[in-house]
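Below, read A as the first sequence line, B as the second, and so on, with proteins coming before strands; counting in each chain starts at 1.
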Amino acid sequence: MFHVGSARSALFNWCLAKQAGGTFILRIEDTDESRNRPEWTSGIVDAMSWLGMDSADPSFEGPYFQSSYAAEHVAAAERLAASRMAYYCDCTRDDVVARTGEANLGYDRHCRDRDLGAGPGRALRFRVPAGHTVVDDRVRGRVEFDNALIEDFVLLRGNGSPMFLLANVVDDLQMGVTLVVRAEEHLPNTPKQQMIWDALGVEHPEWAHVPVLVNEQRKKLSKRRDKVALEMYRDEGYLPAAMRNYLMTLGWSSPDGREIMPWDEIVSAFRLEDVNHSPAFFDQKKLDAFNGEYIRAMDLDTFVQACAPWTSSITGFDPERFASIAPHVRLRVVRLAEVPAAVDFVFDHEVRFDADSWDKTMTTDAAVPILRSALASFGSASWDADSLKACTEQIGEGMGLKLGKTQAPIRVAVTGRTVGLPLFESLEALGRDEVIRRLGVALDRIGGG
RNA sequence: GCCCCCAUCGUCUAGUGGCCUAGGACACCACCCUUUCAAGGUGGCGGCACGGGUUCGAAUCCCGUUGGGGGUGCCA
């Protein structure tokens with residue numbers, strides 16, 4: 001799954017890359033048990049492509065799921081060992097705890113000066129120098145760490161495989177990365193990486209740590225607890241443009257105060273220095289508001305086409321008829337996945353009556369006379385929304401009812417529900433025969449039961 | 001435990017010492033519009049975590065407290 005938090009960091013990176021005419025390289029280094037399964041990686045690629053990040057965009061590269069620099073990782077580590085910037089260690093965790101008597105203290109540097117050679121079961125540790133490490137962060141400013149509090153961390157495991165910290169640095173180095181934009185959870189490990197760069201004798205990249213996204217409980221968004229998969233939002237009918245726009249407003253705001261704005265304007269307005277320092281809550285309600293606005297702003301053809309994945313499953317679906325009511329649908333849905341439930345009555349001859357709606361409208365004394373009158377006058381009315389409305393108004397006048405009351409039983413008879421698309425436009429789309437048929441069905445249903 | 005980060009309406013944010021009686025957006029409430037529901041319009045509710053400084057003046061600068069988050073593995 002492609003995490004919404006990762007998506008936002010990616011978007012930040014992408015904006016910067018576009019501004020600088022450079023390339024944003026995305027490496028997904030978070031492994032889980034499903035790592036490298038094609039269905040997992042292709043899901044991520046699809047989700048990113050949905051956002052617009054794919055090979056068609058020259059400012060985007062990736063995503064990479066696996067490093068192709070394994071040999072360089074080890075070579076770099078060995079260079080550090082050769083220059084005594086790192087040393088081999090055969091201590092186990094239990095050894096260290098036994099010596100220090102403290103389970104939550106770091107490594108005690110026992111092997112620092114033992115001059116152990118490489119060998120099976122021996123890890124390679126970085127020799128953290130004395131002094132301080134200053135991380136200059138584009139978002140947070142200067143952050144200073146006391147090296148004495150940083151343990152001699154492992155570069156290479158006992159089996160010779162590289163640790164993430166090292167692999168990450170070497171990959172960045174190999175790929176020519178000059179700016180690292182990532183979530184703030186990585187900030188405490190940044191001095192370690194910076195020391196590796198320094199030890200390798202290479203100028204380290206610029207750092208920028210952006211705040212994390214959190215849930216209602218203010219905890220970092222997690223796969224287990226929270227709805228974080230971008231794919232899920234795509235499948236519910238959120239628009240990529242709305243998602244991009246919303247994600248950008250979490251932790252960043254445009255200098256001119258606009259929230260909803262075109263993507264290219266966001267790209268040129270974005271500045272790392274304007275990014276907030278505090279975590280932001282991913283608020284689906286606000287995403288809904290953005291999505292609704294984006295949907296309403298779509299032109300009709302685009303809207304109809306965008307609905308296709310959802311409308312195709314509707315029984316009896318007819319594209320032309322859908323197009324005729326689409327303007328009314330567009331105004332009322334927040335997610336495209338809501339479209340079928342809003343319009344299925346227009347296509348499916350089997351009306352599904354909502355029990356509450358039925359009870360509320362069909363058990364009144366007025367229901368039967370209204371439906372009978374409608375049956376009579378709709379038979380000869382000219383078949384357009386305005387005329388049908390006039391007809392219905394006339395029925396109501398005869399009974400001393402306002403249009404709101406008069407239309408209710410007709411609406412439930414035809415659509416099955418008390419709420420929905422504008423009634424007379426729906427009747428027009430359905431056609432005279434079908435409307436008359438449904439009025440009859442409803443009348444029978446009242447009589448029968 | 002230790003280290004790091006953070007702290008403005010419920011939420012996202014504007015605010016970089018006087019323009020702040022703290023502005024906007026979402027949500028919520030009310031009213032208007034209205035064939036239902038929406039959309040739209042108008043209005044309302046609602047916040048600088050706390051305590052000390054510095055200053056003529058602090059949401060804004062400094063210190064502390066509290067609260068939250070993250071990190072601290074031969075995880076990534």
Side-chain angles (χ1 to χ4, degrees), chain A residues 27-32 35 89-93 96 102-107 121-125 135 137 139-140 143-146 148-151 153-165 167-168 183-192 209 211-212 214 216-220 246 249-260 274 276-290 292-293 296 328-334 342 357 361 385 388-389 392-393 396 402-408 410-412 415 417-427:
Chain A
R27 298 200 308 262
I28 306 220
E29 305 182 294
D30 182 25
T31 64
D32 59 25
R35 182 180 173 120
C89 165
D90 60 2
C91 302
T92 64
R93 184 77 203 155
V96 178
E102 281 283 355
N104 50 11
L105 239 47
Y107 180 63
R122 288 180 180 175
L124 183 68
R125 286 183 183 274
V135 172
D137 192 278
V139 171
R140 279 151 212 283
V143 185
E144 187 168 336
F145 297 84
D146 183 352
L149 271 7
I150 299 175
E151 70 172 336
F153 53 94
V154 172
L155 260 16
L156 248 33
R157 297 187 184 87
N159 65 9
S161 65
M163 293 284 287
F164 162 77
L165 234 43
N168 202 238
E184 72 172 319
E185 59 198 89
H186 294 284
L187 184 56
N189 281 323
T190 303
K192 297 180 187 171
H209 289 90
V212 293
V214 297
E216 303 86 325
Q217 285 89 246
R218 302 253 115 207
K219 298 240 193 292
K220 195 177 74 163
Y246 175 62
T249 67
L250 297 177
W252 176 78
S253 65
S254 169
D256 65 14
R258 279 185 301 159
E259 289 193 323
I260 304 233
D274 294 336
N276 259 285
H277 295 187
S278 47
F281 170 59
F282 183 87
D283 185 1
Q284 197 178 320
K285 285 252 184 73
K286 187 144 185 175
L287 206 213
D288 285 349
F290 273 55
E293 281 219 36
R296 275 173 255 131
H328 308 294
V329 181
R330 182 179 52 182
L331 195 58
R332 269 157 257 262
V333 294
V334 160
S357 297
T361 54
L388 292 167
K389 183 182 175 191
T392 308
E393 272 169 335
K402 285 202 231 171
L403 185 54
K405 290 284 184 196
T406 320
Q407 59 93 40
I410 301 173
R411 176 183 291 279
V412 173
T415 73
R417 289 154 290 188
T418 52
V419 300
L421 264 24
L423 180 60
F424 306 110
E425 286 77 356
S426 302
L427 298 184

**Study point:** Residues forming a side-chain hydrogen bond (donor to acceptor under 3.5 Å, both in side chains) with A:S254, sequence neighbours excluded
**Key:** A:D256

Check your understanding: Is there a side-chain polar atom (N or O) of A:R296 under 4.0 Å from OP1 or OP2 of B:G40?
Key -> yes

Practice item. Can you sort out the partners of A:K220 under salt bridge (charged side-chain N to carboxylate O under 4.0 Å, His left out), two or more places apart, ordered by chain and number? Key: A:E185

Check your understanding: Counting any heavy atom closer than 4.0 Å, what does A:A408 reach on the DNA or RNA strands: base, sugar-phosphate only, or nothing?
Key -> nothing

Study note, to complete from the structure: Taking a pair to mean Watson-Crick or G-U wobble geometry with both distances below 3.5 Å, B:C20 pairs with none

Review point. Which nucleotide, in any strand shown, forms a Watson-Crick or G-U wobble pair with B:C48, with both distances under 3.5 Å?
Key: none

Could you pull out the protein-nucleic contacts involving nucleotides 10-12 of chain B (nitrogen or oxygen on both sides, under 3.5 Å)?
| unit_1 | atom_1 | unit_2 | atom_2 | d |
| --- | --- | --- | --- | --- |
| B:C12 | OP1 | A:R218 | NH2 | 2.3 |
| B:C12 | OP1 | A:F281 | N | 2.9 |
| B:C12 | O2' | A:T249 | O | 3.0 |

Point to revise | Pairing residues for A:Y107 by the ring pair (Phe, Tyr, Trp, His ring centres under 6.0 Å) criterion, not counting sequence neighbours | key: none

Check your understanding: Does the side chain of A:H277 get closer than 4.0 angstrom to OP1 or OP2 of B:C5 through an N or O atom?
Key -> no

Practice item. Could you tell me which residues satisfy ring pair (Phe, Tyr, Trp, His ring centres under 6.0 Å) with A:Y246, sequence neighbours excluded, listed by chain and number? Key: A:F282, A:F290

Revision key, fill the gap. When both distances are under 3.5 Å in a Watson-Crick or G-U wobble arrangement, the nucleotide paired with B:C26 is B:G10

**Study point:** d(CD, A:E185; P, B:G70) in whole Å
**Key:** 9 Å

Check your understanding: Does any nucleotide pair with B:G1 by Watson-Crick or G-U wobble geometry, both distances under 3.5 Å, and what is it?
Key -> B:U72

Check your understanding: When we call it a touch if two heavy atoms are under 4.0 Å apart, what does A:L421 touch: a base, just sugar-phosphate, or nothing?
Key -> base

Exercise for review: From the options B:C6, B:U72, B:U36, select the nucleotide whose nearest atom is closest to the side chain of A:R140.
Suggested key: B:C6

Exercise for review: Report which part of the nucleic acid A:K405 touches: base, sugar-phosphate, or nothing (heavy-atom distance under 4.0 Å, all strands).
Suggested key: nothing

Practice item. For B:C50 and B:A22, measure between their P atoms and round to the nearest Å. Key: 15 Å

Exercise for review: For A:S253, report the nucleic acid contact type (base, sugar-phosphate, nothing); a contact means any heavy atom under 4.0 Å.
Suggested key: sugar-phosphate

Using nucleotides 1-4 of chain B, report all nitrogen or oxygen pairs with the protein that are shorter than 3.5 Å.
| unit_1 | atom_1 | unit_2 | atom_2 | d |
| --- | --- | --- | --- | --- |
| B:G1 | N2 | A:N104 | O | 3.0 |

